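Order of appearance sets the numbers: ligands from 1, and atoms from 1 within every ligand. Not measured: the values here are computed from a predicted model.
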Amino acid sequence: MMRLVPLGPTDQQVPNVVAGMMRIEEMTDEAIRDLYEGCRAAGVDFFDHADLYGSSRHGCERRFSEALRLSSAERDEITLQTKTGIVADDWHFDHSYEHIVTSAEESLQALGTDRLDVLLLHRPDALVEPDEVARAFDHLESSGKVRAFGVSNHTPRQIDLLKTAVTQPIVANQVQLSITHSTIVAQGLAANMAGEDDSITRDGGGLVDYSRINRITLQAWSPFQKNFFDGVIFGAPEYPELNELLDRLAAKYDVTPTAIATAWITRHPAHMQVVLGTTNPQRVADAAAGSDIPLTRAEWYGLISAAGHKVP
Ligand SMILES: NC(=O)c1ccc[n+]([C@@H]2O[C@H](COP(=O)([O-])OP(=O)(O)OC[C@H]3O[C@@H](n4cnc5c(N)ncnc54)[C@H](OP(=O)(O)O)[C@@H]3O)[C@@H](O)[C@H]2O)c1
């Protein structure tokens, strides 16, 4: 069964397994429809996009709407999230008023919808002016074009800086997290230990705790990748112990290792969302089966330990 979690401090309940649309550009219309139907059948009604995804700006957003041609009634049944702030030409980041507003309006058009349910700032912009972000969010909110706002790959301090001007709640922070690439969790376990790589703070410090304190929903991107787009953990020869444990727990709970890797994230009390990247409807169903598996503490710690992280 799909477990629902609150979206930030809002009243909206959203599934804790969601579908990332970064890899759909080359799929046929029929394959995109099959993926969408597979998601809906599994209770995944939350779709994650970005203006960046695809070989041209808004490419994947456009493929999604062209292939699905959702009626407005069906549009109302789903949550559409997209992102702004990365410019692929001369790769750089841009949180200026003009860029945020223009890109959000282009996303509306590409997705064939009249509002974005959630808009995230994709990566921190070192040149950010919080007042400009606030002005862009106010405009997009008051014109009804965007319902809720969030960030991605932001540190607690970067969020605090935005909040000096932004008045809307930051509902989500989408960050990289898998059992192997689990720095945001591992650093808390190895806190203050000398000579341990895991004790190094890589997220500005206390991102997970900050998110719980401030009711910001963490969304885990690349939930099955070993590290950065270098292949999935399943069957990876570098992780024999981890795969052995995934297989053993899969047998115990009568699910696939994909469900166990999903459950390792959903079991965390921060009520995180897992952002799947698969283009395969069966794998969506496999992952969705991990939405509400009550891994024991020993199992949860066993997985992060088997992935090579320090449980001191
Ligand atoms: N905010 C950010 O900065 C950021 C960065 C990257 C990604 N994202 C978001 O996060 C989403 C997920 O990222 P991701 O695509 O890297 O996640 P992922 O689910 O960890 O990886 C997906 C890739 O792994 C393959 N795969 C998945 N399960 C598999 C399995 N059991 N066995 C073999 N191969 C498997 C998929 O192939 P198949 O399609 O064949 O299953 C696909 O190529 C993206 O769609 C995007 O929405 C956000």
Under 3.5 Å, which donor-acceptor pairs link side chains of residues 183-192 to any protein atom two or more places apart or in another chain?
residue : atom : partner : partner atom : Å
Gln187  : OE1  : Arg202  : N            : 3.1
Gln187  : NE2  : Asp203  : OD1          : 2.9
Gln187  : NE2  : Asp203  : OD2          : 2.9

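- Ion pairing between Asp51 and Arg57 holds under the 4.0 Å rule for side-chain N and carboxylate O.
- In this structure Arg33 satisfies the side chain to side chain donor-acceptor pair (under 3.5 Å) test with no other residue, sequence neighbours excluded.
- The aromatic rings of Phe64 and His49 sit perpendicular to each other, their planes meeting at more than 60°, with 30° as the lower class boundary.
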For residues 300-307, run the donor-acceptor check on the side chains, cut-off 3.5 Å, and write out each pair with its distance to 0.1 Å, sequence neighbours left out.
residue : atom : partner : partner atom : Å
Trp300  : NE1  : Trp264  : O            : 2.8

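- Using a cutoff of 4.0 Å between basic side-chain nitrogens and carboxylate oxygens, Arg63 and Asp29 are scored as salt-bridged.
- Around ligand 1 you find Gly20, Met21, Met22, Arg23, Asp48, Tyr53, Lys83, His122, Ser152, Asn153, Gln174, Trp221, Ser222, Pro223, Phe224, Gln225, Phe229, Val232, Phe234, Thr258, Val275, Leu276, Gly277, Thr278, Thr279, Asn280, Arg283, each with a heavy-atom distance below 4.0 Å.
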